[in-house]
Number of protein chains: 2
Amino acid sequence: MQHQRPKIVDVARLAGVSTATVSRVLSNPDVVSAETRRSVEEAIRQTGYRLNHAARNLRHRRTGGVVALVPNLSNPFFSQILAGMAAVLAGAGYNLLIADTCAMGGETLLGYAEPSRADGLIVLDGTLPAEGLKRRVPIVLACEWIPGIEAPRVKIDNRAAARVAVGHLADLGHTRIGHVMGPPGNVLSEARLAGTEQALAARGLPPPLVLPGDFSLDSGRVAGAAWLALPAQERPTAMFLASDAMACGFIGEVQHRGLAVPRDVSVMGFDDIELVSHMTPALSTIRQPREAIGRRAAQCLLAMIGGEALEGDIVLPTELVLRASTAPPVTAPAIKSRAAGPARL
Amino acid sequence: MQHQRPKIVDVARLAGVSTATVSRVLSNPDVVSAETRRSVEEAIRQTGYRLNHAARNLRHRRTGGVVALVPNLSNPFFSQILAGMAAVLAGAGYNLLIADTCAMGGETLLGYAEPSRADGLIVLDGTLPAEGLKRRVPIVLACEWIPGIEAPRVKIDNRAAARVAVGHLADLGHTRIGHVMGPPGNVLSEARLAGTEQALAARGLPPPLVLPGDFSLDSGRVAGAAWLALPAQERPTAMFLASDAMACGFIGEVQHRGLAVPRDVSVMGFDDIELVSHMTPALSTIRQPREAIGRRAAQCLLAMIGGEALEGDIVLPTELVLRASTAPPVTAPAIKSRAAGPARL
DNA sequence: CACCCTCTTGCAATCGATTACAAGCCTCCG
DNA sequence: CGGAGGCTTGTAATCGATTGCAAGAGGGTG
């Protein structure tokens, strides 16, 4: 009572027991007799005692926290993944610390990979240096990954998903198909490009027109401008963009310049972020199970923290979502097909 | 070397000094002689020593972490605020823990308000119970706030911003104006509704048609359906929605049902999330300085942790952003104004 | 009644760093 | 030459909880 904040000894004194007993009531109630337990609980209530986590963590040699390294917090793609992770981790008594890798230097970042800072790490950014991350705390890679690092990966089959997406465009009858890539060097960018090329090659179609991008809205807008700048007869009649955000930017630019989707160009995205089903036209895309990715990554990490030695990848399924932004190409020189009915599905 | 992980005594032994000196080199290098410092630094390098934060925090009676309580991580509105906070906090050596209040019960949440868990709290959710949050750790409220709690607030003038938004619609000539609210009971919902009513009353216009919502995309879609369900001549010719997300949902629904914005209805949002400038039509809205809100909230909290006693609110400016979703009402019964040119600005 | 076993509980060491206090050394001045 | 004062460094207590070990209590058995 005289202290600023009651400690375990205050509770012990009031209850007339030792600190060891109080501690046991807190963390292992079953070994304490019912009567003692009740009086300790009463003392805890009276003193308003609250456990000091720093002390417990010091003794347990753990931190009770897990860090997620995210490339860009402003990207809505990640928020649902984080929500999934947070749910699983909270259930297991872990905090989720979120760090934005683009907001901090490498030095600061590596500080998170220390056992005294976090019990584990979930890395969502494939562009981090592999060096500092090696063998410090359990690590799980989600979505993206870092080639040099041996750690469980929770991901999707990006190449296959891209094949499905481009296959859909080809099935609609498109033959000139373009692709807007993610950031250069990113494993996802490469895989989605490769899938695009495979799908076209498998059907004997010419290789895609490839435009640069970086997953961001604005790079999609720039790609839209680049597409518009092409002579009309050279423009791909269908575009597959490596992220929904880019697809939004692309469609926005095309529409603002007076053309229509899918009449003048079919557009296919990737991710299925919530928003794209509300746009006009609603975006056809590849759905990534974002929350599931978060959950699995968190479960995986908890298992590793628990001592299990996981290896190998967890590949979650994707889904082709067909909405209104893709349609067969207008073959004849557009006569009066004012609005080619969107292929709602 | 024989230990799993080198501790401060290992460094001390190797450097031939006491642990106190090593500690001083780490946290207060100036008081140590240059020569000793160098040999300690060398020993640190050789042993690969890394500080144990749990131990330091225990001794310092602090945690080095700040918790942000966010109502919904999946909402892109918050991500940029968090990015701003993270930047400031990282600069001051604090971690940012992010907790999603809708993913966890009140018990868990209150656990975060303890000094042994976090050195401070930034609350972005106005619907939390005021009880448990009182007088535990420094708290800053951002965006939303909790009426019962006395803590610095970083916010915008929601009422004035709503007046500006609705004033714009009225200036365009609209007389039947509707409003889609945020979640009931939310302070932001109330303020934005009040501003809407004030703006209309000040111009002698009839009170708004008010539709329910909850800031989410889908509630905007539902509001769109409700608007469509009205007899055409009773529909407001302009709608002010309390969030951009709802505006997106609203516009999507209206467009999917074959009507056009702003020809058939002008739409005004709130927030200016990145995406809305890319939609078609680009959304007119009220810009909130999201990153600045995050930064100021973090700075404010750091000041409080440092012992300053802040009181009173910090009100950041908003900005009316005019794009293409608002236009004068089509007064004559639509004759052949196929596409009333969007009032780009 | 002695002995063994189980159930509770307390003692005291421990987790790893920080820091008040004191001691040692050196220099400078009277 | 003695003492004051500044610099550096070491000693040991401390932050608050956890837990291995052992002791004491109570019950059952031969």
Side-chain angles (χ1 to χ4, degrees), chain A residues 1-41 43-44 47-65 93 111 114-119, chain B residues 1-41 43-44 47-65 93 111 114-119:
Chain A
M1 276 312 198
Q2 43 250 359
H3 301 72
Q4 202 73 41
R5 225 178 120 68
K7 331 190 300 181
I8 204 169
V9 304
D10 301 312
V11 176
R13 204 161 9 233
L14 183 61
V17 299
S18 73
T19 62
T21 301
V22 177
S23 175
R24 287 186 193 107
V25 169
L26 256 31
S27 47
N28 205 3
D30 296 333
V31 309
V32 179
S33 77
E35 196 184 2
T36 314
R37 196 189 321 154
R38 244 180 300 106
S39 79
V40 169
E41 279 162 355
I44 289 177
T47 53
Y49 170 75
R50 313 253 54 195
L51 179 68
N52 181 317
H53 290 85
R56 166 180 281 185
N57 290 343
L58 173 58
R59 185 64 228 242
H60 279 167
R61 296 145 152 276
R62 60 159 232 159
T63 72
E114 286 177 42
S116 81
R117 285 291 270 261
D119 298 325
Chain B
M1 280 311 200
Q2 43 251 357
H3 302 73
Q4 201 74 40
R5 227 179 117 70
K7 330 191 301 181
I8 204 168
V9 304
D10 300 312
V11 176
R13 206 163 5 236
L14 184 61
V17 298
S18 73
T19 63
T21 300
V22 177
S23 175
R24 285 192 272 259
V25 169
L26 255 32
S27 47
N28 204 4
D30 297 333
V31 308
V32 179
S33 77
E35 196 184 2
T36 313
R37 195 189 321 154
R38 242 180 302 107
S39 79
V40 169
E41 280 161 355
I44 289 177
T47 53
Y49 169 75
R50 312 254 57 196
L51 179 69
N52 180 318
H53 290 85
R56 166 181 280 185
N57 291 341
L58 173 58
R59 186 63 227 242
H60 278 167
R61 297 146 150 274
R62 61 160 231 158
T63 70
E114 286 177 41
S116 81
R117 285 292 269 262
D119 298 326

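Just so we're on the same page: letters track the sequence lines, and every chain starts at 1.
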Is there a donor in the side chain of A:S39 and an acceptor in the side chain of A:T36, or the other way round, less than 3.5 Å apart? no
Salt bridge (Lys or Arg N to Asp or Glu O under 4.0 Å) involving B:E114 - partner list, sequence neighbours excluded: A:R50
Flag side-chain contact, heavy atom, 4.5 Å: B:V31 against B:N28: yes
Sorted by chain and residue number, the side-chain hydrogen bond (donor to acceptor under 3.5 Å, both in side chains) partners of B:S23 (sequence neighbours excluded) come out as none
In degrees, rounded to 10°, what is the bend between the two ends of the helix from C:dC1-D:dG30 to C:dG30-D:dC1, using five pairs at each? 60°
Please report, rounded to the nearest Å, how far the C1' atom of D:dA17 is from the CZ atom of A:R62. 13 Å
If we ignore hydrogens and angles and just use 3.5 Å, is the side chain of A:D119 paired with the main-chain N or O of A:T63 as donor and acceptor? yes
Near DNA chain D, counting only heavy atoms under 4.0 Å, which residues of residues 30-37 of chain B show up? B:V31, B:V32, B:S33, B:T36
Report, as a single string ordered 5' to 3', how protein heavy atoms within less than 4.0 Å touch nucleotides 16-25 of chain C: B base, S sugar-phosphate only, - not at all. BBBB------
Check for a donor-acceptor pair, side chain of A:T19 on one end and backbone N or O of A:I8 on the other, with a separation under 3.5 Å. no
Which residues pass the salt bridge (Lys or Arg N to Asp or Glu O under 4.0 Å) test with B:R24, sequence neighbours left out? none
Quick one, B:R56 and B:S27 - any side-chain contact, counting heavy atoms below 4.5 Å? yes
Please tell me if the side chains of A:Y49 and A:D10 come closer than 4.5 Å, counting only heavy atoms from C-beta onward. no
Do B:T21 side-chain atoms and B:A12 backbone N/O form a donor-acceptor pair below 3.5 Å? no
